[in-house]
Amino acid sequence: MTRPHREAGFALPITVFIVTLVTLMLAAIFVRVEADRRIAESSGSSVDAIAIAHSGLQRYFAHYDTLGSRPPDGDSLRLNVTGGFADVVAHFVQRPADSIANLTYLVRSTGRLIQPTQGSDPQAQRTVAQFAQWQTGTLDVVAAFTAANRFDDPDEDDPTLDIRGVDQCGVRPATTGIRVPGSPPSYPPVVTGSPAVSGGGNGTGVAGETDIDWNAVIAGGFLPDYTALINLDTWSSYFINGDATLNTASGSGLLVVTGDLTLGGAGSSWRGVILVGGRIIFSGTLNDLRGVVVSGLEYMSGGTPPTGYWGPEDTTTRIWYHSCYVDSALTAVSGFAPIPNAWIDNWATY
């Protein structure tokens, strides 16, 4: 039977239509895959740019922490980091009247991702920001040894004591040798200063004379270099939560102990500042402390620290005021302190 003329060539258009449809579908799939790939690459580049910005922010903080001097308003630095560079700018947002009080900054870091195979132009950039305070380590030197919790020699062993309020660095005027609440003690036998021994007031008042914000310190306001007694001779800062013991050890920097501090063994030496919430037990054979020592700071948080102990007869304790060691110790806590929950990772669109 002969095929009717109207049905001739019907399969060819259908075939062309199907091939065209499949081609369009494949093209759409390829476009979608390419778009997804570009989105993934863009997302990855954005993450890399944020990492570069954050790295630049931390390096900026570390730079000025090392210098020990705060940056001026509008200060800017370009810092090269792995994968690109970061442009960091710092501005004052709160400036107190007191020139040495904490000053609040907004530090903004723009990270730019560089891929050498793509040329020298940044492939992505993101800006992050951090509110931070510049903290200056300061301490009102009341005496070479301020014992807000007093001290005692319960066994009447009469240990050898040498307390000096005269500045061993020769820079500042002499301070008091020993400051205690209540009546000044009739001993120790070797104390010098201006005056040698000072009494009066109560424990809370004497602790307050140091102007140390002890509540802020124990609540986490102090960010130390170490929370254990390690790397002691590095002029670092140390925060020990609880009691601590130095046995035949030497160290330097700022040592903060929330509980009691015991100096034992053959004796220990420290250069810098020692702040103790409770008491100090001087049981080492030779205790050599040069800088400033304060005990009994628990009074500032409503506690009642026990009385300090000078030690047995065969012990020798030296506490000499040394302003240069004090300044060196406080340098460890001068620098940027980021304000918690004040970091912004999308500053450019904030």
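A donor-acceptor pair under 3.5 Å links the side-chain atoms of Asn149 to the main chain of Pro306, judged by distance alone. The backbone N or O of Ala266 lies less than 3.5 Å from a partner atom in the side chain of Thr248, making a donor-acceptor pair. A donor-acceptor pair under 3.5 Å is formed between the side chain of Ser252 and the backbone N or O of Trp235. The main-chain N or O of Phe239 is never found under 3.5 Å from a side-chain atom of Thr227 such that the two would form a donor-acceptor pair. Looking at Ser328, its side chain does come within 3.5 Å of a backbone N or O of Cys324 through a donor-acceptor pair. Here the side chain of Thr160 pairs no donor or acceptor atom with the backbone of Thr316 at under 3.5 angstrom.
Residues Val292 and Val217 are members of one and the same hydrophobic cluster, defined by side-chain heavy-atom contacts under 4.5 angstrom among Ile, Leu, Val, Met, Phe, Trp and Tyr. When the side chains of ILVMFWY residues are joined at heavy-atom separations under 4.5 Å, either directly or via intervening members, Ile240 and Val276 end up in a single hydrophobic cluster. Criterion: ILVMFWY side-chain heavy atoms under 4.5 Å apart, direct or through other members. Under it, Leu261 and Phe151 are part of a common hydrophobic cluster. A chain of hydrophobic side-chain contacts below 4.5 Å, direct or via other Ile, Leu, Val, Met, Phe, Trp or Tyr residues, connects Ile280 to Val191. If you chain together hydrophobic residues whose side chains sit under 4.5 Å apart, Val257 and Ile319 fall into the same group.
Residues Tyr105 and Phe92 place their aromatic rings such that the two centres sit under 6.0 Å apart.
Considering all non-hydrogen atoms of both residues, Gly177 and Ala143 come closest at O-CB, 3.9 Å. Taking all atoms of both residues into account, the shortest heavy-atom contact from Trp270 to Gly253 is NE1-O, 3.1 Å. The minimum heavy-atom distance linking Gly251 with Asp233 is given by the pair CA-OD1, 3.4 Å. Contact detail for Gly291 and Val326: the closest heavy-atom pair is C-CG2, 3.8 Å. Tyr299 approaches Ala207 most closely through the heavy-atom pair CB-CB, 4.4 Å. A pairwise comparison of heavy atoms in Thr258 and Trp214 identifies CA-CZ2, 3.9 Å as the closest pair.
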Yes or no on side chain to side chain contact (heavy atoms under 4.5 Å, CB included) for Leu286 and Arg318, after CA distance, side-chain angles and deciding distance? CA-CA 8 Å; Leu286 175 60; Arg318 300 174 187 154; 4.2 Å; yes
*Between Gln130 and Phe336, is a side chain to side chain contact (heavy atoms under 4.5 Å, CB included) present by the stated rule, with each step listed?*
CA-CA 11 Å; Gln130 172 72 62; Phe336 276 111; over 6 Å; no
Can you list the steps and then say if Leu255 with Leu246 is a side chain to side chain contact (heavy atoms under 4.5 Å, CB included)? CA-CA 11 Å; Leu255 173 59; Leu246 282 173; 4.3 Å; yes
| query | Does the pair Asp243 and Arg279 meet the rule for a salt bridge (Lys or Arg N to Asp or Glu O under 4.0 Å), with working shown? | reply | CA-CA 10 Å; Asp243 299 338; Arg279 63 176 176 169; over 6 Å; no
Requested in this report: Check the pair Leu263 / Leu289 against side chain to side chain contact (heavy atoms under 4.5 Å, CB included), numbers first and verdict last.
Outcome: CA-CA 10 Å; Leu263 304 177; Leu289 311 177; 3.9 Å; yes
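Ring geometry, Tyr226 versus Tyr238: the interplanar angle falls under 30°, so the pair is classed parallel (tilted spans 30 to 60°). The aromatic rings of Trp310 and Phe145 sit perpendicular, their planes meeting at an angle over 60°, well past the 30° parallel limit.
A heavy-atom distance below 4.5 Å is found between the side chains of Trp343 and His54. Counting only heavy atoms from C-beta outward, the side chains of Leu275 and Leu254 approach each other to under 4.5 Å. Ser55 places none of its side-chain heavy atoms less than 4.5 Å from the side chain of Thr82. A 4.5 Å side-chain heavy-atom check between Met300 and Ile212 finds every atom pair outside the cut-off. With a 4.5 Å cut-off on side-chain heavy atoms, Phe282 and Pro159 do not count as touching. For the pair Ile218 and Ser301, the minimum side-chain heavy-atom distance is below 4.5 Å. For the pair Tyr64/Leu77, a side-chain contact is recorded, criterion being any heavy-atom separation below 4.5 Å from C-beta on. For the pair Tyr60/Pro71, a side-chain contact is recorded, criterion being any heavy-atom separation below 4.5 Å from C-beta on.
In this structure, a donor-acceptor pair under 3.5 Å is absent between the side chains of Asp260 and Tyr309. At a cut-off of 3.5 Å, with distance as the only test, no side-chain donor of Ser269 or Asp288 sits close to an acceptor on the other residue.
Here the straight-line distance linking atom CG of Asp213 with atom CG of Leu297 works out to 11.0 Å at 0.5 Å rounding. The distance from the CG atom of Asp162 to the OG1 atom of Thr192 is 7.0 Å, given to the nearest 0.5 Å. Interatomic distance, Asp167 CG to Ser323 OG, rounded to the nearest 0.5 Å: 3.5 Å. Distance check, rounded to the nearest 0.5 Å: CZ of Phe85 to CG of Leu113 gives 10.0 Å. In this structure, the separation between OG1 on Thr127 and CD1 on Ile344 is 11.5 Å, given to the nearest 0.5 Å. The distance from the CD atom of Gln125 to the CD1 atom of Ile52 is 11.0 Å, given to the nearest 0.5 Å.
For Val142, the side chain to side chain contact (heavy atoms under 4.5 Å, CB included) partners at least two apart in sequence or on another chain are Thr146, Arg179, Glu209, Thr210. Looking at residues two or more places apart in sequence or on another chain, you find no side-chain hydrogen bond (donor to acceptor under 3.5 Å, both in side chains) involving Ser109.
For residues 319-339, the set of pairs meeting the salt bridge (Lys or Arg N to Asp or Glu O under 4.0 Å) definition, not counting sequence neighbours, comprises Arg172-Asp327.
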